[in-house]
Amino acid sequence: MQTFPMFLKMKDRKVVIIGGGEAAAQKTRLILKTEAKILLVADELNEELQGYVDQGKVTHHPDAVTPALLQEAIITFSATEDAQQGAYHAALARPVGALINVVDEPDHCEAITPAIVDRDPVVVAIGTEGKGPVLGRLTKRDIEIMLEPKLGELVDFAGRMRIAVAEKIKPALRREFWRWVFDGQPRQLFAQGKEKDAYQLIESQINAEGQDLAKGGVINHIELVSDTVDMLTLRAVRHMQEADAIYYDEELPAGLLEPARRDAERIAFDPADYIKNFEAAEARKAEGQKIVFMTRELSSDPFD
């Protein structure tokens, strides 16, 4: 990974966009979706950009670009559609440690704009490190189809319910509650346009303290026939993403755990201690936890 994906808090932060034409307008439209303060730097602006200035949505700076101007910004876009100008702006930015994106010039970029799927507050960013922008757009298309247009409204409602959930639903049930909200009947109803029914169902489950969702623990045993991540089945990946803890043969490559939920506990064990660790997993199952037990394909029953 040569670039690191990260979401930046943009409220009241300054974004500099250099250029007055269509490329600058595209970046301006994008940043106007945030709460950043936009400074357009150009001698002249096209009609669209001038309109944003007239409406008070952005500020116009007609003077020359300076390092200090870039240093004050959380990010700068060089969108002049001139490669030489872009290289010059990148050279100004580098000594002062300013983040800059030079449109269509990845070699001069300290920051790369991803393809974005916007279901505010759900935002998906797809990057190819500037090497496959067409693939990025195709991936965006697939995710646009997968995520229903009003998903953000459901997430907003869920956010407003978080205090009530924390007060009424026991910690052991909360993960299952949110899984049900976003992967169960509430989301299905919402996707069908039955928003009111979805809201009422969520509220009723909160009032019931989530008891209808209480389930016993489970152990999902994954036996691997290969040590490569791409040979994991979709079912195995789903179990890993839902697990509270993952017990795994210490001889397995660490990369096999990459698809697991980030906060799942990971417990490596010696294959010679299989039974002891499986019994420990059984104890956690009895406490209602979801456990993944991952080994190479077994040639015999370890309990014999």
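When a residue number appears, it is its place in the shown sequence, counting from 1. Source: prediction; values computed, not measured.
The pair D120-K33 fails the salt-bridge criterion, with no side-chain N (NZ, NE, NH1 or NH2) lying under 4.0 Å from an Asp/Glu carboxylate O. A salt bridge links R284 and E265; the closest N-O separation between the charged side-chain nitrogens and carboxylate oxygens is under 4.0 Å. For the pair E242 and R175, the salt-bridge criterion is not met [side-chain N within less than 4.0 Å of a carboxylate O]. Remark: E176 engages K290 in a salt bridge, criterion side-chain N to carboxylate O under 4.0 Å. Note on E195 versus K150: salt bridge recorded, some NZ/NE/NH1/NH2 to OD/OE distance being below 4.0 Å. Salt bridge present: R187 and E148 bring a charged side-chain N and a carboxylate O closer than 4.0 Å. Comment: K168 does not engage E209 in a salt bridge, judged by the lack of any side-chain N to carboxylate O separation of less than 4.0 angstrom. Looking at E35 and K57, no side-chain N of the basic residue comes within less than 4.0 Å of a carboxylate O on the acidic one, giving no salt bridge.
Counted within 6.0 Å of CD on E22, heavy atoms from surrounding residues, nucleotides or ligands total more than 12; the atom is thus considered enclosed. For CD of E47, the number of neighbouring non-hydrogen atoms (other residues, nucleotides, ligands) closer than 6.0 Å is 12 at most. The environment of I163 atom CD1 is sparse: at most 12 non-hydrogen atoms of other residues, nucleotides or ligands sit within 6.0 angstrom. Surrounding CG of D104 are at most 12 heavy atoms belonging to other residues, nucleotides or ligands under 6.0 Å away. Around the NZ atom of K37, the shell of radius 6.0 Å holds no more than 12 heavy atoms that belong to other residues, nucleotides or ligands. Counting heavy atoms of neighbouring residues, nucleotides and ligands inside a 6.0 Å radius, atom CZ of F157 exceeds 12 of them. In this structure, D43 places its CG atom where only 12 or fewer heavy-atom neighbours from other residues, nucleotides or ligands lie under 6.0 Å away.
Note: I246 CD1 to R266 CZ = 5.5 Å, rounded to the nearest 0.5 Å. The line from CZ of R262 to CD of E258 is 11.0 Å long, rounded to the nearest 0.5 Å. Going from atom CG of D270 over to atom CG of D249 covers 8.0 Å, rounded to the nearest 0.5 Å. Q205 contributes atom CD, which lies 4.5 Å from atom CH2 of W180 (distance to the nearest 0.5 angstrom). Expressed to the nearest 0.5 Å, how far NZ of K194 lies from CD of Q185 amounts to 9.5 Å. Here CE of M10 is found 8.0 Å from CD1 of I38. Values are rounded to the nearest 0.5 Å.
Linking Ile, Leu, Val, Met, Phe, Trp and Tyr residues whenever their side-chain heavy atoms come within less than 4.5 Å leaves Y247 and L224 in two separate clusters. Hydrophobic clustering of Ile, Leu, Val, Met, Phe, Trp and Tyr side chains at less than 4.5 Å, counting indirect connections, keeps I291 apart from L252. Note on I222 and V225: separate hydrophobic clusters, where clusters join Ile, Leu, Val, Met, Phe, Trp and Tyr whose side-chain heavy atoms are under 4.5 Å apart, directly or indirectly.
R174 places a side-chain N or O within 3.5 Å of a backbone atom of I169 that can act as its donor or acceptor partner. For the pair R94 (side chain) and H89 (backbone), a donor-acceptor distance under 3.5 Å is absent. The backbone N or O of L49 sits less than 3.5 Å from a side-chain atom of N46, completing a donor-acceptor pair. Not a single donor-acceptor pair under 3.5 Å links the side chain of D183 to the backbone N or O of R179. The backbone N or O of V117 sits nowhere less than 3.5 Å from a side-chain atom of R119 that would complete a donor-acceptor pair. Put simply, the side chain of E129 gets close to the backbone of T3: a donor and an acceptor are under 3.5 Å apart. One N or O on the side chain of N101 and one on the backbone of A111 form a donor-acceptor pair closer than 3.5 Å. No donor-acceptor pair under 3.5 Å is formed between the side chain of E105 and the backbone N or O of A83.
Of the listed residues (I116, D118, L147, T139), just one forms a side chain to side chain contact (heavy atoms under 4.5 Å, CB included) with V124, and that residue is L147.
Looking only at side-chain heavy atoms (C-beta outward), V102 and I100 come within less than 4.5 Å of each other. Residues I219 and F278 are in side-chain contact: their nearest non-hydrogen atoms beyond the backbone lie under 4.5 Å apart. Contact of the F190 side chain with the E153 side chain is registered, since non-hydrogen atoms from C-beta on lie closer than 4.5 Å. Put simply, the side chain of L32 reaches to within 4.5 Å of the side chain of T28, judged on heavy atoms. For the pair V181 and M161, the minimum side-chain heavy-atom distance is 4.5 Å or more. A 4.5 Å side-chain heavy-atom check between T80 and V103 finds every atom pair outside the cut-off. In this structure, the side chains of T59 and L40 stay at 4.5 Å or more apart for every pair of heavy atoms. For the pair L39 and V15, the minimum side-chain heavy-atom distance is 4.5 Å or more.
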(request) Show your reasoning for whether salt bridge (charged side-chain N to carboxylate O under 4.0 Å, His left out) applies to D263 and R261. (result) CA-CA 6 Å; D263 57 347; R261 205 179 85 237; 2.5 Å; yes

(message) Assess the residue pair E48 and Y52 against the criterion (side-chain hydrogen bond (donor to acceptor under 3.5 Å, both in side chains)); give the C-alpha distance rounded to whole Å, side-chain angles, the decisive distance to 0.1 Å, and a yes or no.
(response) CA-CA 7 Å; E48 178 182 354; Y52 294 142; 2.7 Å; yes

(request) Using the side-chain contact (heavy atoms from CB on, under 4.5 Å) rule, take T66 and L92 through it: C-alpha gap first, then chi angles, then the decisive distance, then the call. (result) CA-CA 7 Å; T66 64; L92 288 180; over 6 Å; no

(request) Check the pair L201 / L189 against side-chain contact (heavy atoms from CB on, under 4.5 Å), numbers first and verdict last. (result) CA-CA 9 Å; L201 188 61; L189 288 170; 4.0 Å; yes

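Classified by interplanar angle (parallel below 30°, tilted 30° to 60°, perpendicular above 60°), the ring pair F182/W178 is parallel.
Checked against the 6.0 Å centroid threshold, F269 and F293 count as a close aromatic pair.
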